[in-house]
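The block underneath contains the structure these notes are about, expressed in structure tokens.
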2 protein chains.
Amino acid sequence: MKQSSNNKNNKYNVFFTNLANSLKIDIILSLRQKDKNVGEISNELGVEQSKVSHALASLKLCNIVSVKQNGKERIYSLNKKTILPMLNLIDKHAKDYCKCKCCAEKCGSKK
Amino acid sequence: MKQSSNNKNNKYNVFFTNLANSLKIDIILSLRQKDKNVGEISNELGVEQSKVSHALASLKLCNIVSVKQNGKERIYSLNKKTILPMLNLIDKHAKDYCKCKCCAEKCGSKK
DNA sequence: GTTTCATATGAAAACATATTCATATGTGTT
DNA sequence: AACACATATGAATATGTTTTCATATGAAAC
């Protein structure tokens with residue numbers, strides 16, 4: 001009877017899971033303005049370097065960011081083609097449906 | 001020096017976190033075709049009823065689905081306006097960037 | 001080739017969310 | 001009111017992902 005798809009690795013799940021993290025979102029929002037190296041991101045967000053590196057590595061796996069070597073630095077840039085329209089959809093969605101100030105607390109996360 | 005945004009509840013994170021789950025994705029894909037009650041979804045996916053209920057409750061918090069009572073059933077329907085374009089963006093993204101068959105395994109999730 | 005700066009990596013711990021299972025609630029029927 | 005059906009809820013556990021911290025790697029300068 002078990003006809004479950006059990007499709008843990010479908011592309012949608014992989015993509016959303018990768019983005020389901022506030023640090024990664026902060027990095028994405030930061031890279032929206034301009035390309036940055038790891039140190040710049042780390043300083044700007046006040047977040048430890050290795051944490052940023054881990055987050056970037058994961059974003060890179062899904063081609064959400066890409067990287068260029070420049071001397072000893074690595075410059076990360078955002079793949080805007082996919083992400084920006086996606087953020088816009090969420091902006092629109094939130095505007096339409098999340099009218100109360102408590103919405104952010106209530107949506108999805110128990111925290 | 002800690003100038004971190006620490007914005008765990010920003011709308012993007014809340015939204016993506018809610019979607020970062022294969023059952024919820026399966027439910028969304030199923031509701032894409034037509035509205036269904038909990039039992040139908042549960043049967044179709046071969047997934048226990050309470051699991052489906054929990055997933056639907058969480059999707060509802062973000063207005064990704066909505067619900068209508070019909071006798072003792074509850075009919076869930078997908079808010080297509082936001083989700084469908086979002087899935088399309090991911091389709092496009094995967095087509096452009098995830099050319100190898102191993103990509104799904106590699107992207108984002110360690111599993 | 002040693003030092004310094006920049007970033008990546010591994011592994012354990014911390015954390016968050018999903019799953020499970022027992023049970024409660026709600027709706028209609030008899 | 002008792003029952004059956006449909007769905008929701010709570011709480012403990014399981015699972016998966018992030019965080020942390022120590023350390024490794026790589027690139028340039030000396």
Side-chain angles (χ1 to χ4, degrees), chain A residues 2 4 6-10 13-27 35-62 65-77 105-111, chain B residues 2 4 6-9 13-28 35-62 65-77 105-111:
Chain A
K2 192 102 179 178
S4 134
N6 198 20
N7 202 5
K8 293 230 175 198
N9 273 358
N10 75 69
N13 188 42
V14 164
F15 201 87
F16 289 130
T17 299
N18 201 343
L19 292 172
N21 174 264
S22 60
L23 172 56
K24 289 183 196 163
I25 296 293
D26 288 341
I27 290 175
D35 299 354
K36 284 167 190 159
N37 65 38
V38 179
E40 287 172 321
I41 299 170
S42 182
N43 287 333
E44 183 186 324
L45 301 178
V47 166
E48 198 214 343
Q49 173 266 315
S50 78
K51 221 173 138 180
V52 173
S53 275
H54 279 299
L56 286 167
S58 152
L59 290 172
K60 194 157 105 53
L61 280 177
C62 273
V65 300
S66 60
V67 63
K68 251 184 323 199
Q69 189 93 22
N70 177 29
K72 21 187 176 178
E73 300 172 359
R74 292 194 179 187
I75 315 284
Y76 280 86
S77 58
E105 298 156 34
K106 283 160 77 187
C107 291
S109 161
K110 271 84 193 176
K111 272 281 144 48
Chain B
K2 192 98 178 181
S4 134
N6 198 20
N7 202 6
K8 294 233 175 196
N9 273 358
N13 188 43
V14 165
F15 201 88
F16 289 130
T17 299
N18 201 342
L19 293 172
N21 174 263
S22 60
L23 173 57
K24 290 184 196 161
I25 296 293
D26 288 340
I27 290 174
I28 286 170
D35 298 355
K36 284 168 188 157
N37 66 37
V38 179
E40 286 172 321
I41 298 171
S42 182
N43 286 334
E44 182 186 325
L45 301 178
V47 166
E48 198 215 343
Q49 172 266 316
S50 78
K51 222 173 137 178
V52 173
S53 275
H54 278 299
L56 286 167
S58 152
L59 289 173
K60 194 156 107 52
L61 280 178
C62 272
V65 300
S66 59
V67 64
K68 250 183 323 198
Q69 188 93 22
N70 178 29
K72 22 186 175 178
E73 300 172 1
R74 290 192 180 190
I75 314 284
Y76 280 86
S77 59
E105 299 157 32
K106 284 160 76 186
C107 291
S109 160
K110 272 85 194 176
K111 272 278 143 50

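Source: prediction; values computed, not measured. Throughout, protein chains are lettered first and strands after them, A, B, ... in sequence-line order, and every chain is numbered starting at 1.
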Legend entry - Sequence-distant partners of A/Glu73, side-chain hydrogen bond (donor to acceptor under 3.5 Å, both in side chains), two or more places apart: A/Asn37
Inset, instruction - Check whether any side-chain heavy atom of B/Lys68 sits under 4.5 Å from a side-chain heavy atom of B/Arg74, and report yes or no. - result: no
Legend entry - Which residue lies more 5' along DNA chain D, comparing A/Glu48 with A/Ala20 via nearest heavy atoms: A/Ala20
Legend entry - Exercise: identify the closest heavy-atom pair between B/Asn70 and B/Ile75: CB-CG1, 3.9 Å
Legend entry - Gap between atoms CG and C1', on A/Leu19 and D/dG16 respectively (whole Å): 16 Å
Inset, instruction - Would you kindly give the CG-to-C1' distance between B/Leu23 and C/dT19, to the nearest whole Å? - result: 10 Å
Inset, instruction - Please report, rounded to the nearest Å, how far the P atom of C/dA16 is from the CG atom of B/Asn13. - result: 11 Å
Legend entry - Length of the CG-C1' vector between B/Asn21 and D/dT17, whole Å: 13 Å
Inset, instruction - Please state how far atom NZ in A/Lys24 lies from atom P in D/dT17, giving the value in whole angstrom units. - result: 9 Å
Legend entry - Residue list, side-chain hydrogen bond (donor to acceptor under 3.5 Å, both in side chains) with B/Ser42, at least two apart or on another chain: none
Legend entry - Separation of atom CG in A/Leu59 from atom C1' in D/dT18, rounded to whole Å: 13 Å
Legend entry - Partner residues of B/Lys60 under the side-chain contact (heavy atoms from CB on, under 4.5 Å) criterion, sequence neighbours left out: B/Val65, B/Val67, B/Tyr76
Inset, instruction - Treat primed atoms plus P, OP1 and OP2 as sugar-phosphate and everything else as base, then score nucleotides 1-10 of chain D 5' to 3': B for base contact with protein heavy atoms under 4.0 Å, S for sugar-phosphate contact only, - for none. - result: ----BSBBBB
Legend entry - Nearest-angstrom distance from the residue atom CG of A/Asn18 to C1' of D/dG16: 14 Å
Inset, instruction - Under the side-chain contact (heavy atoms from CB on, under 4.5 Å) rule, collect the residues that match up with B/Ser66, sequence neighbours excluded. - result: B/Ser77
